[in-house]
Structure formats: C-alpha cells, structure tokens
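Single-structure report; data block below.
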There are 2 protein chains.
Amino acid sequence: MADSIIDSLKAGGKKLTKPRQAILAILESNALPVTAAEVHARLKKARAPMDLATVYRNLTMLQELGLVDPVGLREGQMRYEVRHGREHHHHIQCRGCGRIVDLMLCPLKKLTQLVESQTKFAVEGHSLEFFGWCPQCR
Amino acid sequence: MADSIIDSLKAGGKKLTKPRQAILAILESNALPVTAAEVHARLKKARAPMDLATVYRNLTMLQELGLVDPVGLREGQMRYEVRHGREHHHHIQCRGCGRIVDLMLCPLKKLTQLVESQTKFAVEGHSLEFFGWCPQCR
DNA sequence: TGTTAAATGCGAATCACTTGCAACAAGGAA
DNA sequence: TTCCTTGTTGCAAGTGATTCGCATTTAACA
C-alpha cells in the first residue's frame, strides 16, 4: 500500500483497518473502474468477505478524501477507481457489451476557463464519458 | 406540438395519447432538464395527474426515439430534456444549491475522431457535465 | 363501428444505496 | 502493555428511484 494513501487516511482521522486495506487492495489491482457490488464480490472470492454497507461506506469516504474518483456511466450504479499515481482521464463504454476502455486524455483545461467566464461558476470538476460500439460489437 | 415529434411517434408505431401529450407539453415548457418526479408533480398541478410508472415508461420511450436526451448529474436520479429544436449542449451544476445552467457549446467533434482512432470504437454519444460553485454559493 | 396493438393505472417488486445501533478494533496515552 | 477514546463493522431495516405484471382502457385504422 502506498504511503501517500496511508498519510491521507491519517490526515483525515481515519483508521487503517483490515477490511479497509482489503478494499484498497482490490481497487489498486483494478485498472478499470469497479462497482461496489464488484468490490464486494471480489472480496468474497479473496476470502476477505465483508458487508456491502461497509464497502459503500469506505468508497464514499475514500472519495471524500480524494483517493478514489467516481465514474458514472449511466448504468444505474456508480463505479470507482483509485486516483493514486494515475493521470486524470476519461472513459469510453461499449453500448453493446459494456466494455470500458480508458482514454488517457482530457481536453478540458482550456474549456474550463471558457465555462467559468461564461457562467461565473467556479468550476471544480467535470465528468466526460463516451458511449459507442467496440470493435467486436459494431 | 411540433409535427416532427408527431411524425417520430408515428414512425415508431407509438400512439399520441392524452397523457403522452401532457408529458411532452411539460417537457417542452422546461428549458432545463427535469426529473421524472418533477414531471409527475407538474402534471398533478396542471390537473392532468398520471401514474409515475407511466411517466417513466414515456420518458424511456421518448429517449429511445431520440426525442429526449438523458442528463445524468450524479444526483441519484436522471433528468431529461427535449431535443426538439435545440442545439446539442451540456450543463454545469452548482455543488451548493444544485442550480443547473445550460452551456451552449460542445467542443467534442474533433475529440470524437481522436477517440475513435485511439480505441477503434464507433462513438455514438458522450456525456459531459461540469460541477462547481455558482456565483451565489462560492 | 369493430378490431387490435399499444398504453395506462395499480400494486408489488427490484435494485442501488443508506442508516441506526450494538459490538468491535485501531492506535495513541498512561 | 493496558486502557481509553473514537472510528469501524455487521446486521437488519429503511429509502428512493425505477421497473414489472396484469387487467382494463384507448388510439388508430380497416
């Protein structure tokens, strides 16, 4: 587990419990964003079962600390991915099979300024997801 | 009601029922995206009450016909807005008060081609939402 | 006007997610 | 090490959004 994560938890007055470590291990082993249910299922397989409510509580907390990013793909459930050591990026999901692919790009720095001057909002974040058909499904 | 909407319904084998007309009227009178619950409440006020399930069924169907666009702002519920006669656009929502403002811009035409060549997906759509603090809340 | 397929209302179900609470476990202080 | 405080967990129940089954209507058109 990365020191930066442990430091962030400490700074937030959080404890490094066993269940929490297991969740972080699952998250770190996944390149792509996962749902709470998926984390729950993988913990069960990894012989570290825990209550789904605990999974949700931890994902919410990790998000508040800025350690994980939420990814909303209009699936009726949220996905989460660790931020640690990865560039800010976006995703594309296949409308056929649901496959998700990382897009290592974000064209929105300039656009953010435009939005700020246009709306007078202080922009704090954005979500950008693409939908389409993957090579196997098209 | 616009002829183009009626034509689309007809082409999809759909009927132009009274409840459906009422829903479309509500949608057309709203510049900003609304939730199913909001549509349901406004129909009640407008003395054209109908079952919430009917509202959902219609919103889903109108979306499938391409007459309304879904807008996901991570509020735990979807919003919808009529596409008819309006430019493709995005939104920004205040993290404080929830206020939504239209952004009449979309910088993603070029980016879509980049995504397509990078992933080999056939891009069919995207969602782009900004979050921040509005002038009153910042 | 009759026929038929689509649409509606109602109630129950599902699904993702949250909450209350008692038992438990980090982790710093003594 | 032991104690104490406070965050954490499991369990069970609760929400809130959305969907489904089914019997009853209603629009569309022959």
Side-chain angles (χ1 to χ4, degrees), chain A residues 1 3 5-26 33-44 46-65 67-68 70-80 98, chain B residues 1 3 5-26 33-44 46-65 67-68 70-80 98:
Chain A
M1 162 122 35
D3 285 347
I5 291 179
I6 295 175
D7 291 347
S8 294
L9 288 176
K10 217 171 258 182
K14 308 298 178 186
K15 293 176 180 174
L16 188 60
T17 63
K18 239 180 212 175
R20 188 161 290 166
Q21 287 178 53
I23 290 178
L24 282 163
I26 295 287
V34 292
T35 66
E38 283 168 0
V39 171
H40 184 250
R42 290 184 199 195
L43 287 167
K44 196 173 178 184
R47 311 231 173 163
M50 94 187 53
D51 198 89
L52 186 55
T54 302
V55 176
Y56 275 109
R57 277 188 284 237
N58 272 284
L59 289 174
T60 302
M61 183 271 286
L62 292 169
Q63 188 183 336
E64 281 163 5
L65 290 185
L67 295 175
V68 309
V71 180
L73 293 172
R74 298 185 184 172
E75 301 169 296
Q77 67 201 31
M78 274 291 147
R79 290 181 179 274
Y80 302 87
Chain B
M1 162 120 37
D3 285 347
I5 291 180
I6 295 175
D7 291 347
S8 294
L9 289 175
K10 217 171 257 183
K14 309 298 179 187
K15 295 176 180 173
L16 187 61
T17 62
K18 240 181 212 175
R20 187 160 291 166
Q21 288 179 51
I23 290 179
L24 282 164
I26 295 287
V34 291
T35 66
E38 284 169 0
V39 171
H40 183 249
R42 292 186 197 193
L43 286 167
K44 197 174 178 182
R47 312 231 173 162
M50 92 187 55
D51 198 88
L52 186 54
T54 301
V55 176
Y56 274 108
R57 279 189 283 238
N58 273 284
L59 289 174
T60 301
M61 182 273 286
L62 292 170
Q63 187 182 335
E64 282 163 4
L65 289 185
L67 296 176
V68 310
V71 179
L73 294 173
R74 298 184 183 175
E75 300 168 295
Q77 69 202 87
M78 275 289 147
R79 290 181 178 275
Y80 302 86

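Remember, predicted model here, so these are calculated numbers, not experimental data. Reminder, nothing fancy here: chain letters follow the sequence lines and each chain counts from 1. Computed from heavy atoms alone, side chains included, the values below leave out hydrogens, waters and symmetry copies.
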When rounded to the nearest 0.5 Å, the distance separating CD1 of A/Ile6 from CG of A/Leu67 is 11.0 Å

Side chains of B/Asp7 and B/Lys10, heavy atoms from C-beta outward: is any pair under 4.5 Å?
no

Roughly, in whole Å, what's the span from CD in B/Glu64 to P in C/dA6?
14 Å

Where protein sits on nucleotides 18-30 of chain C, one letter per nucleotide: B base, S sugar-phosphate only, - none, heavy atoms under 4.0 Å:
BBB----BBS---

Given atom CZ of B/Arg20 and atom P of C/dG9, what is their separation to the nearest angstrom?
11 Å

Ignoring hydrogens and angles, tell me if any N or O in the side chain of B/His40 forms a donor-acceptor pair with the backbone of B/Asp51 under 3.5 Å.
no

Roughly how far, to the nearest 0.5 Å, is CZ of A/Arg20 from CG of A/Leu62?
7.0 Å

Close side-chain approach of B/Leu9 and B/Met61, heavy atoms under 4.5 Å
yes

Is there a side chain to side chain contact (heavy atoms under 4.5 Å, CB included) between B/Thr60 and B/Glu64 once you walk through the steps?
CA-CA 6 Å; B/Thr60 301; B/Glu64 282 163 4; 3.7 Å; yes

If I take atom CG in residue B/Leu59 and atom C1' in nucleotide C/dA7, what distance separates them, rounded to the nearest angstrom?
15 Å

Going 5' to 3' along DNA chain D, which nucleotides are the first and last within contact of chain A (any atom under 4.0 Å from a heavy atom)?
D/dT6 to D/dC11

Whichever of A/Gln77 and B/Asn58 has its nearest DNA chain C nucleotide further upstream toward 5'
B/Asn58

If you take all heavy atoms of B/Pro33 and B/Arg79, which pair is closest and at what distance?
O-NH1, 3.0 Å

Any chance you could measure B/Met50, atom CE, to B/Asn58, atom CG, to the nearest 0.5 Å?
7.0 Å

